[in-house]
Visitor: 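Once you've had a glance at the structure underneath, I'll fire off some questions.
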Amino acid sequence: MSIGLSFTGKIDSPQALLEAAKALAEERKYHLAAGEGGMKVAMCPLGGELGILWKPEGGPSGPWLARGGCVSTPAGAGFHRAAAELLDRLPIRALEVRDETGFYRHRDFQRMKEEHFYPWLRTLVDVCRREGGKGVSGMQLCWDLEQYAPEDIPDTVVTPMGRFRLGELARMVEQGGMEALAGRFFLWNGRTQDARFFRNRALNALWERCYFAPSARSEEDAGINAAILDDLERAAKMDPSLPLPRGSYEEVCALAGREPALPQGPELAEEFLPGYRKGLATHALGALRLTLPGSYLYGWERWGSGGAHLWTDGSGPVWRVNTYRAREGDARFTDSLNALNGLEGRTLKGGKLRWGWREIREGRERLYQAVCEVAAGPALFAITATCASPGELGQVAELIGRISVVNNTAQRETVQARQ
């Protein structure tokens, strides 16, 4: 269930298309990424990008065939309009656009919103209304299943633009109409990149991406924190009457070592304060579900020809996960577990787990390492959590107690339910 457009056409050469796209991206402050067979122009978060692929129609000298498109939900009608106008400016001949909203043909922005984006959003509101009051857990709308899952709060829904009570979206419609809800739910609901666009882009970053960690911790933290502050300050200049998350702004200012510069204005008052990563976050590695503090940064640690999934916050336990697969039958625990202190195990739904701890040395430093193995069918997950002090093993034990596995059938059902 989504709204978008697709197109086909011809180009003289990939280089000519890339040069035109680069000029437009610089003019409109979009991000351009290109490869040998195509490119993407990213205009906003939440999947707000126009993708284009090309191939020679005959010989390598061309002419070249081009095709592509975009998915405009949940980014919003403003992105859909911007994608259509970008196509207008690109040197694509014999262009044929299939736009389910009809906007590419009639160019009536308000009509597009009322006939397509508002009904799409109303369907989501109806789903939330039906589920409200039932104690529903784990409900997500428009959430990228490839990333972490936020901590669950029953009777709420997780969205890229924030957490809401299940009945709250319907109340927003009753009080202010669909336009009011669309202006809060879609990142880019307006005709242009107006004050609400920059406010909503900052809200999305606060909720979904911000670690609420000092900018000095990493380049990623510094970039996220600075972008949030820049967007909120720009929104305030464009529309001083627009409600902003001022408490979160001041919190990020402190993390970035930046003096607050917002003028006086209204606060965006909502029940839940921004920041999924202030709580726990559950990461999916195949069938494994590993829950860690949301403030942890993820990376890939290379070991020779392989490597490990790595999570660290710069001060607490360092978590690593390696995955293996049995050649035949189900995976088995390794014998190395038998040498651990305090070895214990438990049965999981769809697998089993054993773990213990040991002392290790790195140079002259004595460390304490929890070692855990999870067997789920043919998959074996080797998990370590390395601590600076024995006291940290208690926190690690609690998080190991949250580990679970999901079988393939359940994974498919989850994806289908959330599309």
Side-chain angles (χ1 to χ4, degrees), residues 1-6 43-48 69-84 98-145 150 153-192 194 196-197 199-201 203-204 207-208 242-243 268-272 414-419:
M1 188 180 80
S2 61
I3 297 172
L5 62 80
S6 61
M43 301 176 230
C44 71
L46 307 192
C70 66
V71 177
S72 303
T73 47
F79 162 68
H80 193 92
R81 177 179 184 269
R98 292 169 292 281
D99 181 355
E100 62 192 90
T101 72
F103 176 77
Y104 196 81
R105 175 180 51 80
H106 61 63
R107 301 302 171 108
D108 187 329
F109 185 66
Q110 189 62 29
R111 173 182 167 185
M112 174 178 65
K113 291 204 294 184
E114 292 178 354
E115 293 183 355
H116 295 274
F117 282 85
Y118 291 177
W120 181 91
L121 183 54
R122 188 174 291 109
T123 299
L124 300 187
V125 172
D126 291 341
V127 170
C128 293
R129 182 189 289 114
R130 288 196 301 268
E131 298 301 321
K134 298 180 182 179
V136 173
S137 296
M139 189 166 180
Q140 301 170 354
L141 293 178
C142 308
W143 190 256
D144 181 3
L145 296 175
I153 298 178
D155 272 322
T156 69
V157 59
V158 166
T159 81
M161 295 301 298
R163 186 188 296 276
F164 301 95
R165 293 286 177 191
L166 284 175
E168 186 177 350
L169 300 181
R171 286 194 294 273
M172 291 174 69
V173 175
E174 293 168 0
Q175 295 170 3
M178 284 303 299
E179 180 70 25
L181 176 59
R184 178 63 183 83
F185 187 90
F186 292 122
L187 190 148
W188 192 349
N189 185 56
R191 183 180 296 272
T192 62
D194 55 11
R196 194 175 293 271
F197 168 88
R199 192 276 305 272
N200 286 1
R201 190 167 71 175
L203 278 173
N204 169 245
W207 273 104
E208 190 172 350
L242 182 67
L268 180 65
E270 297 185 309
E271 178 179 355
F272 298 102
T414 298
V415 171
Q416 290 168 358
R418 294 177 183 175
Q419 282 180 336

Visitor: Looking only at non-hydrogen atoms, find the nearest pair between R199 and P243 and report the distance.
Guide: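 Closest pair (atom of R199, atom of P243, distance): NH1-O, 2.7 Å.
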Visitor: Nearest 0.5 Å, what's the CD-OG1 distance between Q140 and T156?
Guide: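 Rounded to the nearest 0.5 Å, the CD-OG1 separation comes out at 10.0 Å.
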Visitor: So, taking the atom named CE in M112 and the one named OG1 in T101, what distance separates them when rounded to the nearest 0.5 Å?
Guide: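 Atom-to-atom, M112:CE and T101:OG1 are 5.5 Å apart.
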Visitor: Between L121 and L181, does the side-chain contact (heavy atoms from CB on, under 4.5 Å) criterion hold? Intermediate values first, please.
Guide: CA-CA 9 Å; L121 183 54; L181 176 59; 3.7 Å; yes
Visitor: For residues S72 and C70, report the shortest heavy-atom separation together with the two atoms involved.
Guide: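 Shortest heavy-atom separation between S72 and C70 comes out as OG-SG, 3.8 Å.
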Visitor: State whether E168 and R184 are salt-bridged, where the test is any N-O pair (Lys NZ or Arg NE/NH1/NH2 against Asp/Glu carboxylate O) under 4.0 Å.
Guide: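 Answer for the salt bridge query: no.
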Visitor: I'd like to know if the side chain of E100 reaches the main chain of G4, judged simply by a donor and an acceptor atom lying under 3.5 Å from each other, with no hydrogens or angles considered.
Guide: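 Yes; judged by distance alone, with no hydrogens or angles, the pair exists.
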Visitor: Might you point out which heavy atoms bring R196 and G183 nearest each other, and give the distance in Å?
Guide: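 That closest heavy-atom pairing would be CD-O, 3.3 Å.
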Visitor: Take H116 and W120, measure what side-chain contact (heavy atoms from CB on, under 4.5 Å) needs, and give me the verdict at the end.
Guide: CA-CA 6 Å; H116 295 274; W120 181 91; over 6 Å; no
Visitor: Please tell me if the side chains of V136 and R130 come closer than 4.5 Å, counting only heavy atoms from C-beta onward.
Guide: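 When only atoms from C-beta onward are counted, R130 and V136 do not touch, as no gap falls below 4.5 Å.
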Visitor: Using modelled atom types and a 3.5 Å cut-off, is there a donor and acceptor pairing between side-chain atoms of T73 and backbone atoms of I3?
Guide: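 Confirmed, T73 side chain pairs with I3 backbone.
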Visitor: Could you walk me through whether M172 and V125 pass side-chain contact (heavy atoms from CB on, under 4.5 Å), step by step?
Guide: CA-CA 10 Å; M172 291 174 69; V125 172; over 6 Å; no
Visitor: Determine whether R165 and R171 satisfy the following criterion, side-chain contact (heavy atoms from CB on, under 4.5 Å), listing intermediate values before the conclusion.
Guide: CA-CA 10 Å; R165 293 286 177 191; R171 286 194 294 273; 4.2 Å; yes
Visitor: Check whether NZ of the Lys or CZ of the Arg R107 lies under 6.0 Å from the centre of the six-membered ring of F103 and within 45 degrees of that ring's axis.
Guide: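 Checked: cation-pi criterion met.
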Visitor: Evaluate the side-chain proximity of P160 to L187: yes if any heavy-atom separation is below 4.5 Å, no if none is.
Guide: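 They are not in contact (no side-chain heavy atoms under 4.5 Å apart), so the answer is no.
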Visitor: Measuring from L166:CG to L141:CG, what's the distance to the nearest 0.5 Å?
Guide: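 Here the interatomic distance stands at 8.5 Å.
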Visitor: Less than 4.5 Å apart, any side-chain heavy atom of F164 and any of E270?
Guide: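 Counting from C-beta outward, F164 and E270 do come under 4.5 Å.
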Visitor: Identify the residue among F186, F79, W188 that makes a ring-ring contact (aromatic ring centres under 6.0 Å, His included) with F197.
Guide: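 Considering F186, F79, W188, a ring-ring contact (aromatic ring centres under 6.0 Å, His included) with F197 is found only for W188.
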Visitor: Could you tell me whether the side chain of N189 and the main chain of G76 form a donor-acceptor pair under 3.5 Å?
Guide: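 No: the side chain of N189 does not pair with the backbone of G76.
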Visitor: Donor-acceptor check, side chain of R201 to backbone of P45, threshold 3.5 angstrom: yes or no?
Guide: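 No: the side chain of R201 does not pair with the backbone of P45.
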Visitor: T159 and side chain to side chain contact (heavy atoms under 4.5 Å, CB included): which partner among W143, W207, F185?
Guide: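 That would be F185; it is the only one of W143, W207, F185 passing the side chain to side chain contact (heavy atoms under 4.5 Å, CB included) with T159.
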Visitor: Supply the atom-to-atom distance F109 CZ to E114 CD, rounded to the nearest 0.5 angstrom.
Guide: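 That separation rounds to 11.0 Å.
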Visitor: Taking side chain as C-beta onward, heavy atoms only, is D99 less than 4.5 Å from H80?
Guide: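 Heavy-atom side-chain distance check passes, below 4.5 Å.
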Visitor: Can you see which heavy atom on M43 is nearest to which on A83, and at what distance?
Guide: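 For M43 versus A83, the nearest heavy atoms are CE-CA, 3.8 Å.
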Visitor: For a quick test of reading the model, state the closest non-hydrogen atom pair linking G133 to D155 and the distance between them.
Guide: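 Closest pair (atom of G133, atom of D155, distance): N-OD1, 3.2 Å.
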Visitor: Hey, are the side chains of M161 and N200 touching, using non-hydrogen atoms and a 4.5 Å cut-off?
Guide: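 Yes, their side chains come closer than 4.5 Å.
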Visitor: Would you mind reporting whether V157 and E131 have side-chain heavy atoms less than 4.5 Å apart?
Guide: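 SC-SC contact between E131 and V157 ruled out.
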